[in-house]
*Asks:* 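I have a structure here, written as structure tokens, and I will follow up with some questions on it.
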Number of protein chains: 2
Amino acid sequence: MTKATTTHDQPPARVAAQVSALLQDCNDCPIRHRAVCARCEADELQHLEEIKYYRSFEAGQTVVWSGDRMDFVASVVTGIATLTQTMEDGRRQMVGLLLPSDFVGRPGRPTAAYDVTATTDLVMCCFRKKPFEDMMLRTPHIGQRLLEMTLDELDAAREWMLLLGRKTAREKIASLITIIARRNASLNQASMGDSLIFELPLTREAMSEYLGLTLETVSRQISALRRDGVIVVEGKRRVTIPDLDRLIEETGDDTDGGFLI
Amino acid sequence: MTKATTTHDQPPARVAAQVSALLQDCNDCPIRHRAVCARCEADELQHLEEIKYYRSFEAGQTVVWSGDRMDFVASVVTGIATLTQTMEDGRRQMVGLLLPSDFVGRPGRPTAAYDVTATTDLVMCCFRKKPFEDMMLRTPHIGQRLLEMTLDELDAAREWMLLLGRKTAREKIASLITIIARRNASLNQASMGDSLIFELPLTREAMSEYLGLTLETVSRQISALRRDGVIVVEGKRRVTIPDLDRLIEETGDDTDGGFLI
DNA sequence: CGAGGAGTTGAAAGCCTTCAAGCGCCGTGG
DNA sequence: CCACGGCGCTTGAAGGCTTTCAACTCCTCG
């Protein structure tokens, strides 16, 4: 561990502990203005502080299993989590990709409907469910924000359905890489145009579960995009996008309609 | 037109006109207790009455095109509508199937995000958008109910994603028929066990857009399920399910986990 | 009666999956 | 210290499921 300039080089558990130690105060929270609490006033925030607690997970850990009791709802603070459904014979489909500020759990439902897994080191801001539900009734700001976020998720799910139902394997891969690139740009406030180098936060297998493909097909299509110069890959995970428009052409989406980021 | 016992035998436009004529008063509304207004009190309902109006569409008509201005939000009162996305080259994927009581449109968004089409004769209860948005701010009951409905839709979308990403053509068809059967049972309050005869409300093409298949594959798989005795088909649309458990086995879903209906 | 829409079915092609083998990296334990 | 084993990933070859292209039926409507 020669260079310790970024948190990336530190052991995951330590980083998570640091993050949660840093985050006792909602005012310092990195997702303060995007999460379910975004619209809360100072007094409402104080109420939330009383029922919140942080939990950390290492990459690969399961947060909850589908069907398990779930006594909390939560926001992703840092890291990435996934929601996955599994069929009896083991076929798996990812149905949610949760980034910082995204919300986990459903008020009013006692059990988890999906497997929730940390795909990177993960810190979540959890609220005990019952107090949270009570607070939702008294605090319209929370319900309003949650509605907004849920509508956004529904839009994303519908975009995803188009991908799953109608796109080719190549288009699926191009779409996923574009999504990750955009997300990265938005998190880093990058000026969109440079920052097109990033680390894929998903294994080939996780990508295949996202895209409704096998991991072999994912691997082959990534290789194909690399061969065709659409992307540049260093090692297994580091991706550079020399020409974003070229990549977007490969997604099959409208070239113009890009109102997102 | 010898037997006119049910509305099915009447010209669509007339039925729609009848329905909307019957429905000036929210208290007589068939979706009063399931739609976005479900939790409203008498005074709130009165407010809604002032900003509502009915619109009728014949089977096949387009309600709005993706990208068009949309000055209203609405509830489906009777009939079925679909939300569909289209790619540049014409590939289409249905992303929403709207039944009576389902909500159309997004408060706060000026344009339609999807093509909305009536697949059967359709009556919608429309609210002018601006007044509706204003009312949402003053009336938590509406926002609360809308959140609940949106969360349900998100769950449905995620189930659908599993279907699109991981199920075989045969499983997709069995799943769709099961969904329609359940819906029918729930609308007719049937005692679940008999009423397993119904009309498919979708063309083969609409089914293919729902399932991410071609219409030929839909046709072939329906024929295969018929050959195997899983379903009985009279004419092109009328389906009988002799053994629902058998059909459910064909969906690939958990046999037990059926908490729906 | 002809035209057109909805649906069915056959044959061939194609895309993705399945099955297999192999590479490179990393942590463990002899 | 180094061999071993596992994991993540890549690549090849064969097979299969769905699509594509095409022909044909049935029914409705003008």
*Asks:* Quick one: B/Gln221 CD to C/dT8 P, roughly how many Å, whole number?
*Replies:* 12 Å

*Asks:* Please give, in whole Å, the distance from D/dG8 P to A/Ile222 CD1?
*Replies:* 15 Å

*Asks:* For residues A/Met70 and A/Gly105, report the shortest heavy-atom separation together with the two atoms involved.
*Replies:* CE-CA, 4.0 Å

*Asks:* Do A/Arg237 and D/dG8 have a side chain to base donor-acceptor pair shorter than 3.5 Å?
*Replies:* no

*Asks:* May I ask you to verify if any side-chain N or O of A/Ser223 is less than 4.0 angstrom from the OP1 or OP2 atom of D/dT11?
*Replies:* yes

*Asks:* Could you check how far CD of A/Glu216 sits from C1' of D/dC9, rounded to whole Å?
*Replies:* 10 Å

*Asks:* Output yes when at least one side-chain N/O atom of B/Thr217 is less than 4.0 Å from OP1 or OP2 of D/dT19, else no.
*Replies:* yes

*Asks:* If you look at every heavy atom in B/Gln85 and A/Arg158, which pair is closest and at what distance?
*Replies:* OE1-O, 3.2 Å

*Asks:* Would you call B/Asp228 and B/Arg170 a salt bridge, taking side-chain N to carboxylate O under 4.0 Å as the test?
*Replies:* yes

*Asks:* Under 4.0 Å between a side-chain nitrogen and a carboxylate oxygen: does that hold for B/Glu199 and B/Arg238?
*Replies:* yes

*Asks:* Would you indicate which nucleotide in D/dT19, D/dT18, C/dC16 comes nearest to any side-chain atom of A/Thr168?
*Replies:* C/dC16

*Asks:* Which whole-number value in Å describes the distance from B/Leu200 CG to C/dA6 P?
*Replies:* 15 Å

*Asks:* Mapping A/Gly212 and A/Lys236 to their closest nucleotides on DNA chain C, which lands nearer the 5' end?
*Replies:* A/Gly212

*Asks:* For A/Gly235, answer base if it contacts any base atom (sugar-phosphate contacts may also be present), sugar-phosphate if it contacts only those atoms, and nothing otherwise; contact means non-hydrogen atoms under 4.0 Å.
*Replies:* nothing

*Asks:* Are OP1 or OP2 of D/dT18 and a side-chain N or O of B/Arg220 less than 4.0 angstrom apart?
*Replies:* no

*Asks:* For B/Leu213 and C/dG7, what is the distance between atoms CG and P respectively, to the nearest whole Å?
*Replies:* 15 Å

*Asks:* Given atom CD of A/Glu205 and atom C1' of D/dC7, what is their separation to the nearest angstrom?
*Replies:* 11 Å

*Asks:* Rounded to whole angstroms, how far apart are CG on B/Leu215 and P on D/dA22?
*Replies:* 15 Å

*Asks:* Give the nucleotide from the list D/dG8, C/dG7, D/dT18 with an atom nearest to the side chain of B/Arg204.
*Replies:* C/dG7

*Asks:* Taking CD from B/Glu234 and P from D/dC26, how many angstroms apart are they, rounded to a whole number?
*Replies:* 18 Å

*Asks:* Taking it one step at a time, do B/Glu216 and B/Arg220 satisfy salt bridge (charged side-chain N to carboxylate O under 4.0 Å, His left out)?
*Replies:* CA-CA 6 Å; B/Glu216 294 94 331; B/Arg220 270 187 259 272; 5.8 Å; no

